[in-house]
Amino acid sequence: MIQSSMSALRPLRTLLFGEHYSLTRFCSGFVSRMRYINRLKENDAACLSALQNGHIFLFHRLIPLLQCSDPETFRPIALTYSEVQSVLHKCGSDGSLLKESILIGCSEQNHAQFCLDVGELDPAAIAQNCKGTFMDLRKAFFLLEGAEAPLVAKAQALLQWHQINRFCGATGQLTQRNQAGSQRACSSSSIVYYPKMSPVVIVLVSDGKRCLLGRQSSFPRGLYSALAGFCDMGETLEEALRREVAEEVGLEVQNIIYSSSQHWPFPHSSFMLACHATVSPAHSQLNVDHLELEDARWFTEEEITCALQVKAPPWRDHRPAVWLPPKHAVAHRLIMEWREQQHSQDTE
Ligand SMILES: NC(=O)C1=CN([C@@H]2O[C@H](COP(=O)(O)OP(=O)(O)OC[C@H]3O[C@@H](n4cnc5c(N)ncnc54)[C@H](O)[C@@H]3O)[C@@H](O)[C@H]2O)C=CC1
Ligand SMILES: [Mg+2]
């Protein structure tokens, strides 16, 4: 399935520079991959041809197809165009479904990557033919390795966006997607719709010695996370963050420091903006809004270290222990950053 690196580069550099490219002019790596993806979004014919040379990840009604190498390690299955064609034929489809694939990226080996939802076909037959298993994203997200979790999440989010944005909000007419699936347009209103993420602030509040975590009643038992909330229209990141903390736990935070961001697929694509903030120990008395949060508590560094030891995901863990968001979640990153900062303070 993986071609030699030179032949793998051919479709990409031909698209970017034409047949008579010069190797010295060819900018390899990140820049060329980004320009390649951008070109595929703009050029339907180029995108269709990239699909025929690309890798395709299958979903069934938004559930990703994965392969298990051992009970704890799952990977998405990258199929070639002809492999998907063959699977679709075996499952009674004529293969025209393949055109509905959506562009999700470009691998480091320069293969354009696509996802396809085979929701009309029998999932058991697909899984058997691909030697894989369909696994709910909420579970899969935490079992996937490294960069593959965000890729699968992005694929699922784009598939979901297309499924719920088939009609124009202004005219009620069906919208048409471009080949890459990076937009949908209404021919009556000329409105072009692009995939959307809702901005969400997430903050780890510290009083210098402890950090503040909360849980909603809908969270799996024992899971505590950093405080989060959707930004209101017109708010800055800082305003949203101050409002959310005030609403949920009755504190006024200071010293907001931006940490990082991530796309979060649940329940409908949020753009998580993660920050640290502080309150003084004299103003750390919580006044929890129990309509929003079931509980919020201050945790010491020792309690955090202990909670980080709970590795089992909730569906296997029936103990009522406190556990924390897994490593793919930006909340985990905030907690690790806070712990590191506590360590460096202790050693100063
Ligand atoms: N990646 C991570 O580490 C974490 C991600 N999250 C995510 O952050 C998101 C927001 O956190 P919450 O505390 O639930 O938010 P929240 O505190 O704003 O409360 C949610 C409520 O806000 C309202 N709302 C306002 N704008 C909304 C919008 N655009 N979409 C949906 N609801 C909207 C709804 O009434 C909803 O019930 C959640 O989707 C959650 O999955 C939460 C914690 C950790
Ligand atoms: Mg919240």
Side-chain angles (χ1 to χ4, degrees), residues 62 136-144 146-154 156-157 160-161 164-165 169 193-206 211-251 253 256 258-277 286-297 299 304 307-308 310 313-314 322-339:
L62 303 178
D136 185 80
L137 185 64
R138 279 208 183 256
K139 184 171 176 182
F141 200 54
F142 303 125
L143 297 174
L144 289 164
E148 290 177 336
L151 188 72
V152 174
K154 174 182 178 174
Q156 196 250 24
Q160 187 181 46
W161 181 80
I164 59 182
N165 286 277
Y193 294 91
Y194 296 95
K196 288 222 168 19
M197 299 188 281
S198 301
V200 170
V201 288
I202 177 161
V203 58
L204 191 63
V205 182
S206 170
C211 71
L212 178 61
L213 301 176
R215 56 169 277 110
Q216 295 178 12
S217 54
S218 59
F219 283 11
R221 189 156 46 143
L223 175 65
Y224 279 75
S225 185
L227 303 185
F230 290 93
C231 296
D232 282 348
M233 184 64 82
E235 270 183 334
T236 63
L237 162 64
E238 294 80 359
E239 286 164 349
L241 191 155
R242 288 202 169 92
R243 175 184 54 75
E244 277 296 331
V245 178
E247 279 176 11
E248 296 192 350
V249 294
L251 296 179
V253 296
I256 297 170
Y258 172 78
S259 160
S260 49
S261 64
Q262 80 169 163
H263 166 245
W264 189 246
F266 315 113
H268 291 286
S269 280
S270 296
F271 181 49
M272 308 293 306
L273 297 154
C275 294
H276 293 274
L286 301 178
N287 175 5
V288 179
D289 178 352
H290 289 289
L291 288 177
E292 297 229 17
L293 292 179
E294 185 183 83
D295 187 27
R297 279 160 44 191
F299 288 79
I304 292 293
L308 284 167
V310 183
V322 170
W323 60 287
L324 302 175
K327 60 180 187 307
H328 294 314
V330 76
H332 185 96
R333 181 187 176 128
L334 286 174
I335 291 166
M336 298 306 278
E337 285 172 352
W338 176 80
R339 205 166 67 124

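Model, not experiment: these values are computed from the prediction. Note that ligands are numbered from 1 as they come in the structure, with each ligand's atoms numbered from 1 the same way.
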Which atom pairs, nitrogen or oxygen on both sides, join ligand 1 and the protein at under 3.5 angstrom?
{"residue": "ligand 1", "atom": "1 (N)", "partner": "Gln262", "partner atom": "OE1", "Å": "2.8"}
{"residue": "ligand 1", "atom": "3 (O)", "partner": "Val330", "partner atom": "N", "Å": "3.3"}
{"residue": "ligand 1", "atom": "3 (O)", "partner": "Ala331", "partner atom": "N", "Å": "2.9"}
{"residue": "ligand 1", "atom": "13 (O)", "partner": "Gln216", "partner atom": "NE2", "Å": "2.8"}
{"residue": "ligand 1", "atom": "13 (O)", "partner": "Ala228", "partner atom": "O", "Å": "3.0"}
{"residue": "ligand 1", "atom": "14 (O)", "partner": "Gln216", "partner atom": "NE2", "Å": "3.1"}
{"residue": "ligand 1", "atom": "17 (O)", "partner": "Ala228", "partner atom": "O", "Å": "3.1"}
{"residue": "ligand 1", "atom": "17 (O)", "partner": "Glu244", "partner atom": "OE1", "Å": "3.4"}
{"residue": "ligand 1", "atom": "17 (O)", "partner": "Glu248", "partner atom": "OE2", "Å": "2.8"}
{"residue": "ligand 1", "atom": "18 (O)", "partner": "Phe230", "partner atom": "N", "Å": "3.0"}
{"residue": "ligand 1", "atom": "39 (O)", "partner": "Phe266", "partner atom": "O", "Å": "3.3"}
{"residue": "ligand 1", "atom": "41 (O)", "partner": "Trp264", "partner atom": "NE1", "Å": "3.1"}
{"residue": "ligand 1", "atom": "41 (O)", "partner": "Phe266", "partner atom": "O", "Å": "3.4"}

>> For the Mg ion (ligand 2), what is the number of protein N, O or S atoms at a distance under 2.8 Å?
In response: 2
> Taking Leu227 as the fixed residue, which of Leu251, Ile202, Val249 is the one that meets the side chain to side chain contact (heavy atoms under 4.5 Å, CB included) rule?
Replying inline: Val249
> For His276, does its backbone N or O pair with a side-chain atom of Trp338 as donor and acceptor, under 3.5 Å?
Replying inline: no
> To the nearest 0.5 Å, how far apart are CG in Leu334 and OG in Ser259?
Replying inline: 5.0 Å
> Just by modelled atom types, is the Leu223 backbone N or O under 3.5 Å from a matching donor or acceptor in the Arg215 side chain?
Replying inline: yes
> Are the ring centres of Tyr224 and Phe219 closer than 6.0 Å?
Replying inline: no
> Quick one: side-chain contact (heavy atoms from CB on, under 4.5 Å) partners of Glu235, sequence neighbours excluded?
Replying inline: Cys231, Asp232, Glu239, Ala240, Arg243
>> Would you say the rings of Phe271 and His263 are close, in the sense that their centroids are separated by under 6.0 Å?
In response: no
> What orientation do Phe266 and Phe141 show, parallel under 30°, tilted 30 to 60°, or perpendicular over 60°?
Replying inline: perpendicular
> With sequence neighbours excluded, what pairs up with Glu148 under the side-chain hydrogen bond (donor to acceptor under 3.5 Å, both in side chains) test?
Replying inline: Arg75
